[in-house]
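Notes to accompany the following structure.
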Amino acid sequence: MTSADSSSPSDFIRDIIEKDLRSSKHQGRVATRFPPEPNGYPHIGHAKSVCLNFGIAAQYGGVCNLRMDDTDPSGESTEYVESIIRDVKWLGFDWQDRLYYASDYYEKLYQYAIELIGAGKAYVCDLNPDEIREYRGTLTEPGKESPYRNRSAEENMALFERMRAGEFPEGSRVLRAKIDMASPNVTLRDPIMYRIKKVNHYRTGDKWCIYPMYDFAHCLSDSLEGITHSLCTLEFENNRPLYDWFLKELKIHPRPQQIEFARLNLSYTVLSKRRLIELVEKGVVGGWDDPQMPTLSGMRRRGYTPEAIRNFCERIGVSKNDSLIDIALLEDCVREDLNEKAPRVMAVLRPLRVVIDNYPEGRSEEFDCPCHPKNPEMGSRKVPFSRVLYIERDDFHENPPKKFFRLAPGREVRLRYGYFIRCIGVIKDPATGEVSEVHCTYDPETKSGFAPDGRKVEATLHWVAAAHAVSAEVRLYDRLYRVADPLAEGSDHTEHLNPKSLETLHSCRLEPSLAQAAPGDRFQFERIGYFCVDTADSKGQRLVFNRTVTLRDAWARLRSRGEKIVDFEK
RNA sequence: UGGGGCGUCGUCAAGCGGUAAGACACAGGAAUUUGGAUCCUGCAUUCGGAGGUUCGAAUCCUCCCGCCCCAGCCA
């Protein structure tokens with residue numbers, strides 16, 4: 001026997017499923033579900049769950065449903081439902097006709113509640129919220145039984161009907177499961193099943209004024225859909241006995257099994273809906289789809305591909321360890337995907353004017369440049385060359401530091417797919433002393449970048465012909481936070497925001513082929529990084545690019561290492 | 001200090017009594033018309049700690065330590 005198929009992932013959840021399959025526990029069926037509450041935009045943490053649930057269904061020939069877990073009308077909306085549908089689809093998953101809503105089960109859930117009341121397992125409690133909390137006890141002390149705990153089934157039935165009819169104000173009564181006020185598991189101390197909320201529901205409108213709680217609704221929704229394995233995050237581990245209690249007391253036969261795994265935490269970002277809403281509402285970011293956001297819509301706009309995200313979700317694995325994934329892994333995933341897919345292009349972000357003194361004025365020529373160095377099938381594009389060019393400011397140093405081997409006075413470098421040029425002088429702004437123009441000569445023998453005499457050059461620079469360049473705005477995104485764990489030790493994450501998480505460059509000069517770029521198109525700006533055309537702000541003549549991720553940069557690494565040494569010496 | 005869960009490389013993560021996979025990160029090198037990609041090389045004598053069982057323990061037992069979750073009419 002060969003070792004496990006390395007193309008399909010394996011983890012403790014799949015182990016359980018395979019065991020269940022062998023023992024025919026669910027008649028060989030596998031059914032999962034992705035059950036978001038539509039009260040926010042899905043983020044990369046949701047993607048982990050989406051990939052897990054849909055991935056498992058696909059791997060074992062099962063199904064995965066998409067279910068809106070909409071049991072609390074405050075905060076839920078159609079906008080969020082739409083964002084979830086759009087993003088899960090974009091990730092590449094298909095639930096066919098199995099889009100469900102917990103709110104479609106309200107009537108059935110109500111009947112289940114009636115059944116529990118009839119069995120003496122649920123009661124209407126008149127305690128107010130404060131009293132309920134007091135009666136619940138603490139982590140170390142048992143709770144006290146509610147004085148309403150032993151009402152007759154008839155009385156409970158009548159009261160519950162009147163709750164539904166809207167006869168009582170919010171907060172005045174709840175329906176509770178009668179379990180055990182002394183349970184060491186606080187979840188089991190007569191948990192609330194229904195509360196009164198006189199709030200309009202985005203789907204059921206004002207039809208209901210009582211709404212089921214998560215614990216009651218979730219297990220039953222799962223069983224109603226024939227879910228076999230109900231995967232959720234670790235914080236629900238305490239709730240599992242309650243999940244099982246409802247199903248057992250209602251004598252539901254094929255019972256779904258809840259299995260908990262660790263939610264995703266990503267370094268230098270924050271992945272809680274509450275925190276993300278805060279960023280949106282405080283205006284720290286431009287919205288849920290701001291490219292700085294770890295939301296799927298933000299990442300899409302930033303230029304991430306679904307493939308990269310899926311690969312990431314597979315690479316991080318699934319376990320019960322509370323972990324913090326290094327964002328470098330995510331970045332590696334996009335680079336890996338975009339390295340293959342993104343056409344190469346030249347763009348100068350911070351232009352420095354270069355004049356080729358021995359290149360005739362008014363003359364220009366075109367080079368045919370491959371769109372991908374390894375994949376000829378991606379074709380080529382024409383790039384014009386002329387006497388005045390732009391190169392990257394960073395690619396020239398009047399007094400080059402050690403190990404800097406780009407352009408400097410007297411040095412020769414190659415212009416990618418162009419000519420060798422040698423710097424013969426600089427012109428400085430008399431006011432600032434800053435280099436404003438570099439003068440060079442070119443070697444006509446080195447056309448396309450080859451020297452017939454075989455001489456070598458240390459660097460190859462990207463460039464753009466000044467007269468032919470198109471202008472663009474480029475947004476350089478970096479990590480949103482300065483610290484790896486912005487929530488560490490209960491600190492306020494907004495104190496750790498990275499002030500440089502967005503730098504906008506307005507006078508970027510791009511090769512003319514980019515004038516045709518359409519919103520969403522992705523490119524590699526050679527030697528810089530991966531960029532995509534912004535889908536919201538790039539329109540008509542106004543070109544806006546977002547940086548998805550930088551290229552790995554050995555020079556930048558050397559430089560920052562140097563800085564560290566300098567700091568150390570201080 | 002009640003209950004539930006988790007501790008294997010800087011970060012993830014395999015391992016399921018037979019002698020520590022892999023990935024990212026990091027470091028070095030080769031090659032290079034992207035200081036990219038690629039390719040080599042290195043990177044846990046030891047698995048939170050201490051005892052014990054065993055010919056043999058990351059895997060079994062005992063005790064201890066650390067971290068996370070639970071006292072919403074949120075999910």
Side-chain angles (χ1 to χ4, degrees), chain A residues 3-4 6 10-11 15 35-37 39 69-72 74-75 125 127-129 132-134 136-143 170-176 183-189 191-197 210-211 213-215 217-218 232-241 260 262 267 273-274 315-333 335-336 339-340 344 346 372-374 403-406 414-418 420 446 448-451 456-462 484 524-529 550-558:
Chain A
S3 58
S6 61
S10 158
D11 51 65
D15 289 347
E37 183 187 13
N39 65 349
D69 204 4
D70 53 359
T71 55
D72 180 2
S74 37
C125 181
L127 258 22
N128 68 41
I132 289 196
R133 194 181 328 114
E134 281 169 37
R136 188 149 35 216
T138 70
L139 295 180
T140 50
E141 296 157 331
E170 272 187 35
S172 65
R173 283 181 168 83
V174 290
L175 182 72
R176 295 229 246 170
S183 172
N185 180 351
V186 183
T187 309
L188 263 16
R189 320 244 258 232
I192 293 170
M193 295 166 57
Y194 271 92
R195 75 290 214 186
I196 299 168
K197 278 199 183 218
I210 56 171
Y211 292 94
M213 297 287 289
Y214 167 85
D215 290 300
H218 205 89
C232 65
T233 44
L234 249 29
E235 65 271 26
F236 291 100
E237 210 145 20
N238 294 319
N239 303 45
R240 187 176 354 124
E260 311 84 10
S267 66
K273 237 184 284 191
R274 225 193 84 222
R315 288 218 249 165
I316 58 178
V318 181
S319 78
K320 300 190 72 153
N321 298 339
D322 194 359
S323 59
L324 182 65
I325 307 283
D326 190 343
I327 196 166
L329 182 64
L330 216 210
E331 294 172 345
D332 186 65
C333 290
R335 288 195 189 104
E336 183 181 294
N339 178 45
E340 284 197 14
R344 311 288 126 123
M346 291 196 282
H372 192 109
K374 294 275 160 35
K403 292 191 178 172
F404 177 88
F405 50 77
R406 279 111 88 150
R414 170 168 37 233
L415 293 179
R416 173 144 244 226
Y417 303 128
F420 283 15
T446 58
S448 293
F450 285 109
K456 299 284 184 202
V457 94
E458 276 196 300
T460 299
L461 271 38
H462 61 278
Q524 184 197 96
F525 288 0
E526 290 215 38
R527 305 210 303 132
I528 302 176
T550 61
L551 244 34
R552 261 195 204 89
D553 187 343
W555 169 240
R557 229 182 295 162
L558 273 178

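Here is the naming used below: chain letters follow the sequence lines, and residue numbers restart at 1 for every chain.
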State, yes or no, whether a side-chain contact exists between A/H218 and A/N239 at a heavy-atom distance under 4.5 Å.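 Answer no - side chains too far apart.
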
Pairwise [atom1] distance for [N] and [M], with rounding to whole Å:
N	M	atom1	value
B/U41	B/A23	P	12 Å
B/U53	B/G10	C1'	35 Å
B/C69	B/U59	P	27 Å

Identify whether any heavy atom of [X] sits under 4.0 Å from a base atom; if not, whether one sits that close to sugar-phosphate; answer base, sugar-phosphate or nothing.
X	answer
A/R416	base
A/S267	nothing
A/R344	base
A/Y194	nothing
A/N238	base
A/E170	nothing

Rounded off to whole Å, could you give me the CZ-to-P distance for the A/R335 and B/U34 pair?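 From A/R335 CZ to B/U34 P: 18 Å.
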
Roughly how many Å is it from CE in A/M213 to P in B/A71, rounded to a whole number?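 Whole-Å distance recorded here is 11 Å.
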
A/Y214 over B/A75, stacked by centroid distance under 5.5 Å, angle under 30°: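 No, A/Y214 does not stack on the base of B/A75.
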
